[in-house]
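To start, the structure under review is shown below, and the notes come after it.
Labels below follow one simple rule: chain letters A, B, ... track the order of the sequence lines, proteins then strands, and each chain is numbered from 1.
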Number of protein chains: 2
Amino acid sequence: MGYATEHIAESLKVARERKGLSQRALSAKAGVPQSHISKIENGAVDLRLSSLVELARVLDLELTLVPRKKLPAVRAIIRGDDDGHLDVQSARKATNLLQRLDDQIAALPSETLSEIVVQELQRRARELMHFKLSADDLVQLQEASAAMQEFLSDPRNLEAVEQAQSQLRMLRNALAHGAGISAPSLPRPAYRLDGDDRG
Amino acid sequence: MGYATEHIAESLKVARERKGLSQRALSAKAGVPQSHISKIENGAVDLRLSSLVELARVLDLELTLVPRKKLPAVRAIIRGDDDGHLDVQSARKATNLLQRLDDQIAALPSETLSEIVVQELQRRARELMHFKLSADDLVQLQEASAAMQEFLSDPRNLEAVEQAQSQLRMLRNALAHGAGISAPSLPRPAYRLDGDDRG
DNA sequence: AAGATTGATGTAGATTTCTACATCAAGAGA
DNA sequence: TCTCTTGATGTAGAAATCTACATCAATCTT
């Protein structure tokens, strides 16, 4: 149900499919009933940590708690295949930018802005930490941050917030839809790890 | 019980202490009973994913599944073996933050707050100026400053002051006790920005 | 010395996972 | 068509989390 737990469940499913295992095959290896695996992958259950770790172990995955600040860099490594250090630079920039954005959002005056809007902004900013960002994406982030700063120095300027909001939303959509629309320099990894052909 | 789950529990505990939160403070933020947090940190329970994610969220941590092959690289990032220049920035930020905190304390309304509390806050804030702060410590300062600002805009919100107070106190204790909790291998950067160690 | 705070531990009860087992619709392949 | 595999769904019951509440020893603060 949770937004964060969905991500975990999806990762498990992707990892399983990537290893060419059926739910029953994984069931045999992990000692977890197939029916339960199905429910887990569909987010129908709030599984226990031991179950999650056991499944992850079989799938050669390690469960780790990573500081939000360093999430973009970590994801760059996880998603990165051979490019590696080249993209780490932009990933570091993105880290700083997203962190600053998060700070700016946290500093938004609650008197002139509804709580819902703030939460929505925060959610979007943190959601973007999950993506691997290209240099082109960085520009948009910078613009969004600049707009946010503009509003912070002049709380009457509601247009600035809306612009930042729109920018974050469209960036997210672009990233969520096609893996690399704005990253022509990094065409495609040698292999795929996205198995999102179904809901 | 499991070996992998112990690591998670320990990470939660470290992160909580690093943020200067007591189990009860974390309990209030995450909506999880203090007794349960204690059991979780001691590995006495096999907690559910939702509980783990909820606690992690409050602690600015993100639960991620990382391929075992890339675990060393990820851990290197988490440990912060790569940042370096970031610490100069954070040091400057810390200076500004502490100054602002001092200003905020000076601006506290003396009608709704006892003089003793104000002095105590001021003492703590200035005491922190003697320490060399890491980037992670900055977050706490920001939160304390935010809480303080919250109280300034709404003097009825006494909880905000108490939170800031607790945050400053525990941050001081953490700094005075062990120099580096989460980064024992790299306690301090190789360079310092200003050599006035004496004070 | 007195008081406040922290973390650990326990009890009782509601809620939920988790297992074992069965079944079903959709799809692939012979 | 027949068969096999895949993933989704259901039931009944054992086991565990999780909450609310209380209490306790140790430590810090005044």
> Which atoms form the tightest heavy-atom contact between A:Ala125 and A:Leu98, and what is the distance?
Replying inline: O-CD2, 3.8 Å

> Which letters describe nucleotides 25-30 of chain C, given B = protein heavy atom under 4.0 Å from base, S = only from sugar-phosphate, - = neither?
Replying inline: ------

> Side chains of B:Lys13 and B:Glu17: does their closest heavy-atom pair fall under 4.5 Å?
Replying inline: yes

> Distance from A:Ile8 atom CD1 to A:Leu47 atom CG, nearest 0.5 Å?
Replying inline: 9.0 Å

> How would you list, by chain and number, every residue that makes a side-chain hydrogen bond (donor to acceptor under 3.5 Å, both in side chains) with A:Ser50, sequence neighbours excluded?
Replying inline: B:Asp46

> A:Lys39 side chain to A:Val45 main-chain N or O, any donor-acceptor pair under 3.5 Å?
Replying inline: no

> From C:dC18, D:dA8, C:dT6, pick the nucleotide closest to the side chain of A:Leu47?
Replying inline: C:dC18

>> Rounded to whole Å, how long is the line connecting atom CG of B:Leu168 with atom C1' of D:dT29?
In response: 16 Å

>> Between P on C:dA8 and CD1 on B:Ile37, what's the gap in Å once rounded to a whole number?
In response: 11 Å

> Does A:Gln104 have any side-chain contact (heavy atoms from CB on, under 4.5 Å) partners at least two apart in sequence or in another chain, and if so, which?
Replying inline: A:Arg100, A:Leu101, A:Ser145, A:Met148, A:Gln149, A:Leu152

> In terms of the nearest nucleotide of DNA chain D, which residue is placed more toward the 5' end: A:Arg16 or A:Asp46?
Replying inline: A:Arg16

> Between A:Ser22 and D:dT5, does any side-chain N or O lie under 4.0 Å from OP1 or OP2?
Replying inline: no

> Would you say B:Leu59 and B:Leu21 make side-chain contact, with heavy atoms under 4.5 Å?
Replying inline: yes

> When we call it a touch if two heavy atoms are under 4.0 Å apart, what does B:Ser38 touch: a base, just sugar-phosphate, or nothing?
Replying inline: base

> What residues, two or more places apart in sequence or in another chain, satisfy side-chain hydrogen bond (donor to acceptor under 3.5 Å, both in side chains) together with B:Glu162?
Replying inline: none

> Could you give the CD-to-C1' distance, from B:Glu162 to C:dA4, as a whole number of Å?
Replying inline: 12 Å

Sort me out a list of protein N/O and nucleotides 20-24 of chain D N/O pairs below 3.5 Å, or just none if empty.
from, atom 1, to, atom 2, distance (Å)
D:dC21, N4, B:Ser35, OG, 3.1

> Could you give the CD-to-P distance, from B:Glu17 to D:dC28, as a whole number of Å?
Replying inline: 13 Å

> Residues in side-chain contact (heavy atoms from CB on, under 4.5 Å) with B:Val161, at least two apart?
Replying inline: B:Leu113, B:Leu121, B:Phe151

>> If we ignore hydrogens and angles and just use 3.5 Å, is the side chain of A:Ser11 paired with the main-chain N or O of A:His7 as donor and acceptor?
In response: yes

> What pairs with B:Arg57 under salt bridge (Lys or Arg N to Asp or Glu O under 4.0 Å), at least two apart in sequence or on another chain?
Replying inline: B:Glu54

>> Expressed as a whole number of angstroms, how long is the span from A:Leu49:CG to C:dT16:C1'?
In response: 16 Å

> Expressed in angstrom and rounded to an integer, what is the separation of A:Asn42 atom CG from D:dG10 atom C1'?
Replying inline: 14 Å

>> Rounded to whole Å, how long is the line connecting atom CZ of A:Arg48 with atom C1' of D:dC18?
In response: 11 Å

> What residues, two or more places apart in sequence or in another chain, satisfy side-chain contact (heavy atoms from CB on, under 4.5 Å) together with B:Ala56?
Replying inline: A:Leu65, B:Leu61

> Between atom NE2 in B:His36 and atom P in C:dA8, what is the gap in whole Å?
Replying inline: 14 Å

> Under a 4.0 Å heavy-atom cut-off, which of residues 53-64 of chain A touch DNA chain C?
Replying inline: none

>> Using heavy-atom distances to pick each residue's nearest nucleotide on DNA chain D, tell me which of A:Gln23 and B:Val32 is more 5'.
In response: A:Gln23

> Which residues pass the salt bridge (Lys or Arg N to Asp or Glu O under 4.0 Å) test with A:Asp60, sequence neighbours left out?
Replying inline: A:Lys19, B:Arg68

> Quick one: bend of the helix from C:dA1-D:dT30 to C:dA30-D:dT1 from 5 pairs per end, to 10°?
Replying inline: 50°

Can you give the donor-acceptor pairs under 3.5 Å from side chains of residues 25-34 of chain B to other protein atoms, not counting sequence neighbours?
from, atom 1, to, atom 2, distance (Å)
B:Ser27, OG, B:Val32, O, 2.5
B:Ser27, OG, B:Gln34, N, 3.4
B:Gln34, NE2, B:Gln23, OE1, 3.0

